[in-house]
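For reference, the structure discussed in these notes is given below.
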Amino acid sequence: MILAVLLIAAQVAAQDPRLDRLDPDTRAQVRVVVDSARRIGLPAEPLIQRALEGATKGAPGPRIVTAVRRLSADLGTAHAALGDGASVPELEAGVAALRAGATPEVLAKLHSVRRPPLTMALSVLADLVASGVPADSAAVAVLALAPKARDADLVEFRRAVERDIALGAPPAAATSVRVNAGADVLNAASPPPGPALPRRP
Amino acid sequence: MGIEKVESSDAELVRRVRAGDIGAYGVLVSRYRDRLGRYAIHMIGDREDAEEALQDSFVRAYRSLARCDDPARFGAWLYGILVNRCRTTGARAARRRRMFVRDPDALHGAAHADQSERLEWTDAVDRALARLAPQHREAFLLKHVEDLEYEEIAELTGAGVSALKMRVKRAREQLQRYLREAEHV
Amino acid sequence: MFEQEDDIVERMIQQLRRPVAVDPALDARVLQAITAPRPSQRSVWPWLAAAALLGALTIWRPWSRGSAADRPDTLQFVLVAPQANSVSLVGDFNDWDPKRSPMRTANGIWAAVVQLAPGRYRYAFLVNGVEWRADPGAPAARDDEFGTPSSVVTVGGKGS
């Protein structure tokens with residue numbers, strides 16, 4: 001019964017009229033990829049959007065097909081790392097993070113320390129790398145923030161790091177420079193840690 | 001948007017804006033955005049409201065640019081507009097939202113206990129600031145965070161220098177008390 | 001004794017003095033607001049005044065949605081392109097169709113307002129139907145497998 005529903009859904013997806021923008025050959029190949037993805041529980045929409053992007057940009061058919069196949073594979077990796085409950089935005093952001101250099105282990109770890117949705121955390125990780133921060137530094141920073149920070153905190157952190165880089169901080173050190181500078185200022189002004197720090201009841 | 005020409009002085013940029021070069025105003029906005037933003041965020045305590053006040057102030061400044069008597073002191077003049085604008089948001093800030101974490105110590109592979117201590121400190125700071133009366137908070141921020149001289153603050157706020165000194169002194173005393181309270185909870 | 005008590009206030013001051021990064025898109029919003037035609041002026045673009053007002057009011061606020069999150073967010077995209085004759089906003093949210101979100105202009109500042117459900121979206125500006133530009137104020141999309149630059153916008157919240 002469920003298999004029948006899935007097959008019908010696959011048929012419907014394949015007939016998506018938006019794909020008519022592709023030439024027949026490319027369209028057929030893209031449909032195959034989309035159908036396969038759907039069958040194993042991956043979302044079709046990101047794949048269709050990637051194909052449409054290629055179409056609008058006038059990319060050659062084979063390049064579009066390659067891009068869609070690559071995305072499908074990466075969605076699979078993200079899905080494996082983030083679990084069945086991952087939403088489409090989370091999977092897309094997961095792909096971005098993976099392509100930025102985060103390992104599936106990092107994604108899985110994020111999944112274990114942070115309540116969903118993980119979209120913003122994964123996005124920030126990818127965006128930090130896009131600004132030049134090395135992938136492992138970005139991962140360490142986001143994982144450290146992830147348990148407690150809200151989405152807004154993560155966005156703020158990303159902006160702050162980008163600003164530092166724009167002002168001349170070497171990207172490789174941008175996250176840790178912020179940390180060290182902060183630590184120095186705090187240590188210089190304060191008595192040794194212990195009873196002096198405020199504590200919650 | 002575009003590349004800032006850091007060589008142009010404020011006075012030069014103001015002159016160009018007055019001559020019709022709107023892009024030059026964009027440079028001024030970029031130049032002052034973060035610094036003024038810091039004051040607005042601490043004064044108002046809510047990021048949305050602060051950015052709105054900030055945006056508003058920039059727009060007002062542009063529209064009344066003809067009244068900026070000394071273009072070389074554009075920054076100080078802009079500050080005055082912002083300080084006034086922040087006063088009107090005071091009432092709305094009653095529904096304070098928790099300030100987001102900015103503390104970089106919260107990040108880098110810090111041990112979990114350490115990290116939560118840092119977050120608590122930031123919270124304590126924000127809460128203590130929020131408890132000050134607006135006039136005291138304003139004076140305290142302008143003097144100790146924005147580093148203005150008492151004479152400059154007097155110009156911006158319309159208060160006398162000795163009254164301002166009293167407010168800052170009171171603010172420090174109260175903050176000390178609030179912070180000590182927070183750590184003994 | 002006095003020094004110790006003062007210490008904690010000094011620590012607080014150091015904390016408050018840390019630089020703050022305001023959303024750089026604020027620059028564009030300010031320019032948008034100051035170039036919008038005032039109601040008292042005659043304008044050949046009466047709808048632009050309304051759009052500019054809408055633009056000034058609807059600001060990207062992903063954090064204000066918090067966890068109440070299935071509602072779409074309203075975002076304004078802005079590009080400064082004084083030389084352009086047309087600019088389209090294209091991305092994952094409109095099937096990369098240049099006809100769907102043409103941008104309106106005042107004084108070389110182009111803008112479009114879009115409602116976005118939570119998610120991560122690649123997008124770019126298509127200038128004069130031929131030139132692809134990324135958004136200078138947004139994070140860059142790393143994968144440009146089609147050879148043109150794109151940007152990314154992420155809207156927080158649950159999504160489907």
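Not measured: the values here are computed from a predicted model. Every chain is numbered from 1, with letters handed out A, B, ... down the list of sequences.
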So which atom in A:E156 and which in C:A21 form the shortest heavy-atom distance, rounded to 0.1 Å?
OE1-O, 3.4 Å
Write down the atom of A:A93, the atom of C:R120, and the distance for their closest heavy-atom approach.
CA-CD, 3.7 Å
Measure the shortest side-chain to side-chain distance between C:S150 and A:K57 over non-hydrogen atoms and say whether it is less than 4.5 angstrom.
yes
Quick one: does any side-chain atom of C:E145 pair with a main-chain N or O of A:A67 as donor and acceptor, under 3.5 Å?
no
Looking only at heavy atoms, which two atoms of A:R18 and C:D95 are closest? And how far apart?
NH1-OD1, 2.8 Å
I need the residue from A:E45, A:R63, A:R21, A:R50 with the largest number of non-hydrogen atom pairs under 4.5 Å to chain C.
A:R50
One option among A:S131, A:P46, A:G54 has the most heavy-atom pairs under 4.5 Å with chain C, and it is A:G54
Where does C:R122 contact chain A at under 4.5 Å (heavy atoms): side chain, backbone, both or neither?
side chain
Work out which heavy atom in A:A130 is nearest to a heavy atom in C:A140; give both atom names and the distance.
CB-O, 3.5 Å
Are side-chain heavy atoms of C:P118 and A:T119 found at a separation under 4.5 Å?
no
Identify the heavy atoms of A:P89 and C:G119 that sit nearest to each other, and give their distance.
CB-CA, 3.5 Å
Value rounded to 0.5 Å, distance of CD1 in A:I48 from CG in C:D92:
11.5 Å
A:P60, A:A59, A:A100: which one forms the most heavy-atom pairs within less than 4.5 Å of chain C?
A:A100
Shortest non-hydrogen pair, C:W132 vs A:T56, comes out as CH2-CG2, 3.6 Å
Do A:I64 and C:F146 have side chains that approach each other closer than 4.5 Å (heavy atoms only, starting at C-beta)?
yes
Region of A:A126 in contact with chain C, defined by heavy-atom distances below 4.5 Å
both
Taking C:T154 for the side chain and A:S123 for the main chain, is one N or O donor matched with an acceptor at less than 3.5 Å?
no
Please report the interatomic distance CZ(C:F93) to CD(A:Q49), rounded to the nearest 0.5 Å.
9.5 Å
Most heavy-atom pairs under 4.5 Å with chain C, out of A:L154, A:D127, A:L118, belong to A:D127
